[in-house]
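For reference, the structure discussed in these notes is given below.
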Number of protein chains: 2
Amino acid sequence: MSGTRTRRPRADAQRNYERILAAADDAFREQGTGASLEGIARRAGVAIGTLYGHFPNRRALSAALLRERHAALFEFAAEPPNGATAPDALARWMGAVAVHAAAYRGLAALLMEGLDDEASELHEACERMAAITETLLASAREAGGVRDDVTAADVHALMNAAAWMREQVPQEQAEHLLLLLVNGLRPDRADTAPGSMAAN
Amino acid sequence: MSGTRTRRPRADAQRNYERILAAADDAFREQGTGASLEGIARRAGVAIGTLYGHFPNRRALSAALLRERHAALFEFAAEPPNGATAPDALARWMGAVAVHAAAYRGLAALLMEGLDDEASELHEACERMAAITETLLASAREAGGVRDDVTAADVHALMNAAAWMREQVPQEQAEHLLLLLVNGLRPDRADTAPGSMAAN
DNA sequence: TTATTATTCCGAGGCACCCTCACTTTAGTC
DNA sequence: GACTAAAGTGAGGGTGCCTCGGAATAATAA
């Protein structure tokens with residue numbers, strides 16, 4: 001296995017890969033993560049076998065599609081909203097994830113199961129999300145802005161639930177619902193510093 | 001059209017109707033509202049055409065299946081949890097709906113769209129649910145236990161979101177999440193009478 | 001009991017989708 | 001220009017949705 005100088009990858013493969021991804025993005029936006037794969041192949045101007053050659057199954061396709069999107073999300077999380085309280089930072093994060101997970105109908109459910117299911121192509125991304133959530137939650141709790149009984153898993157579920165609702169109500173109401181969810185994390189007696197936990 | 005004395009309905013029709021309903025209940029419990037209708041017909045020991053003869057489409061089948069269940073829910077709402085505060089009554093109702101809507105995977109989404117979609121066979125049931133929600137919400141708000149900006153539509157969405165989460169997390173966590181949702185409805189300053197808004 | 005007939009049941013068939021695989025085509029290399 | 005690994009192709013087998021024309025049958029009448 002030493003003389004196998006690898007060939008340069010074929011140009012058509014690269015081209016088709018990108019075409020499929022673009023078609024899938026369109027289809028998922030319009031019809032959700034359950035969109036027809038044959039339809040996607042058709043849109044991409046490619047045979048169905050070619051699609052399967054690049055992506056062994058629907059989840060792999062979703063995962064590839066989400067890779068950049070996730071990168072953007074993590075970058076967003078890294079950039080500190082300077083001057084914001086810890087609870088504010090958590091709320092901001094929750095809003096960002098909710099918007100992200102509402103990009104395609106059905107995505108919230110995938111992210112939900114991806115956290116537990118290690119076989120899922122989304123597992124790693126979910127774990128990174130969970131880690132960020134954990135960190136922000138710890139700070140927010142320390143600041144006294146969050147109930148003691150709230151776990152990172154709870155926040156994960158709530159963010160995805162917010163996304164799920166966003167799939168089905170007007171955007172304005174979706175924002176309001178997120179605010180209510182965030183409000184639910186606050187301790188029973190609102191004796192924290194003023195201005196904490198404003199949504200987004 | 002006066003001499004058409006109606007024949008007694010055929011016994012086999014009645015029998016098959018019930019068999020299909022029973023099979024559908026099993027299938028929906030196991031696989032959600034998207035379960036294969038051909039599979040349901042098979043389970044019921046009936047040809048696919050017979051199933052369609054009784055239920056023109058999947059939604060009609062769901063609606064028939066939910067009729068009794070909804071009746072039970074409305075009865076539950078009617079029975080006054082005597083001695084409970086208005087916010088408690090609302091929380092109790094939200095819990096009941098969340099449990100109901102989690103009976104079959106996918107049901108929460110159906111109930112969500114059934115509220116707006118007048119063509120849906122579930123529309124009427126959804127409207128009744130909404131009316132109950134409206135009443136309980138008004139009382140709870142009057143008692144000062146709920147934020148002013150919370151609408152019945154919000155509560156509807158939140159109840160169904162609770163059901164959606166319940167489909168995907170252990171029951172214990174689901175209860176906790178419901179509690180957090182309910183907590184989110186409380187006004188910013190917790191200056192209401194003690195003991196208000198305990199979940200369930 | 002038997003005949004009548006409205007009602008119900010049946011399942012093949014057309015369409016869409018999922019996914020695989022034996023075969024063809026093609027891009028990179030020599 | 002020939003060679004060949006890589007990629008592309010699409011028919012085909014499986015499942016599901018739903019329809020529809022013809023077969024079967026339960027209620028009724030004779």
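First the proteins, then the strands, lettered A, B, ... as listed; each starts at 1. Everything quoted here is computed from the prediction, not taken from an experiment.
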| query | Between C:dC19, D:dT28, C:dT8, which nucleotide has the shortest distance from any of its atoms to the side chain of A:I48? | reply |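 From the listed options, C:dC19 comes nearest.
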| Residue B:A47, side-chain atoms from C-beta onward, closest of C:dT8, C:dG11, C:dC19 |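 Side chain of B:A47 sits closest to C:dG11.
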Rounded to the nearest Å, what distance is computed from the [atom1] atom of residue [X] to the [atom2] atom of nucleotide [N]?
{"X": "B:I40", "N": "D:dT15", "atom1": "CD1", "atom2": "C1'", "result": "15 Å"}
{"X": "B:Y17", "N": "C:dT7", "atom1": "OH", "atom2": "C1'", "result": "17 Å"}
{"X": "A:Y52", "N": "D:dA11", "atom1": "OH", "atom2": "C1'", "result": "15 Å"}
{"X": "A:R15", "N": "C:dA27", "atom1": "CZ", "atom2": "P", "result": "8 Å"}
{"X": "B:Q31", "N": "D:dT15", "atom1": "CD", "atom2": "P", "result": "14 Å"}
{"X": "B:I20", "N": "C:dC9", "atom1": "CD1", "atom2": "C1'", "result": "10 Å"}
{"X": "A:F55", "N": "D:dG8", "atom1": "CZ", "atom2": "P", "result": "11 Å"}
{"X": "B:L51", "N": "D:dC18", "atom1": "CG", "atom2": "C1'", "result": "11 Å"}

| Going by the angle between their ring planes, with limits at 30° and 60°, are A:H54 and A:Y17 parallel, tilted or perpendicular? |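 A:H54 and A:Y17: perpendicular rings.
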| task | Considering only NZ, NE, NH1 and NH2 on the basic side and carboxylate oxygens on the acidic side, decide whether B:R147 and B:D154 come within less than 4.0 Å. | result | no
| request: State whether A:D25 and A:R43 are salt-bridged, where the test is any N-O pair (Lys NZ or Arg NE/NH1/NH2 against Asp/Glu carboxylate O) under 4.0 Å. | output: no
Looking at [X], does any N or O in its side chain come under 4.0 Å of the phosphate oxygens OP1/OP2 on [N]?
{"X": "B:R42", "N": "C:dG11", "result": "no"}
{"X": "B:S36", "N": "D:dC17", "result": "yes"}
{"X": "B:N16", "N": "C:dT8", "result": "no"}
{"X": "A:H54", "N": "D:dG8", "result": "yes"}
{"X": "A:T50", "N": "D:dA7", "result": "no"}

| query | Is the Lys NZ or Arg CZ of B:R105 less than 6.0 Å from the centre of B:F28's six-membered ring, within 45° of the axis? | reply |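 Judged by the rule, B:R105 and B:F28 form no cation-pi pair.
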| said: Under 6.0 Å from the ring centre and within 45 degrees of the ring axis: does the NZ or CZ of A:R29 meet both conditions for the six-membered ring of A:Y104? | reply: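 The answer is no; the distance or angle limit is not met.
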| message | Assuming nearest nucleotide by heavy-atom distance, tell me which of B:E38 and A:V46 is located more 5' along DNA chain D. | response | A:V46
| Base, sugar-phosphate alone, or nothing: which one does A:L37 contact when heavy atoms must sit under 4.0 Å apart? | sugar-phosphate
| query | So does A:R7 reach the base of D:dT4 with its side chain, donor to acceptor, closer than 3.5 Å? | reply | yes
| request: Indicate, yes or no, whether a donor-acceptor pair under 3.5 Å links the base of D:dT25 to the side chain of B:R10. | output: yes
| field | First encountered from the 5' end of DNA chain C, between B:G49 and A:D12 | value |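 On the 5' side of the pair lies B:G49.
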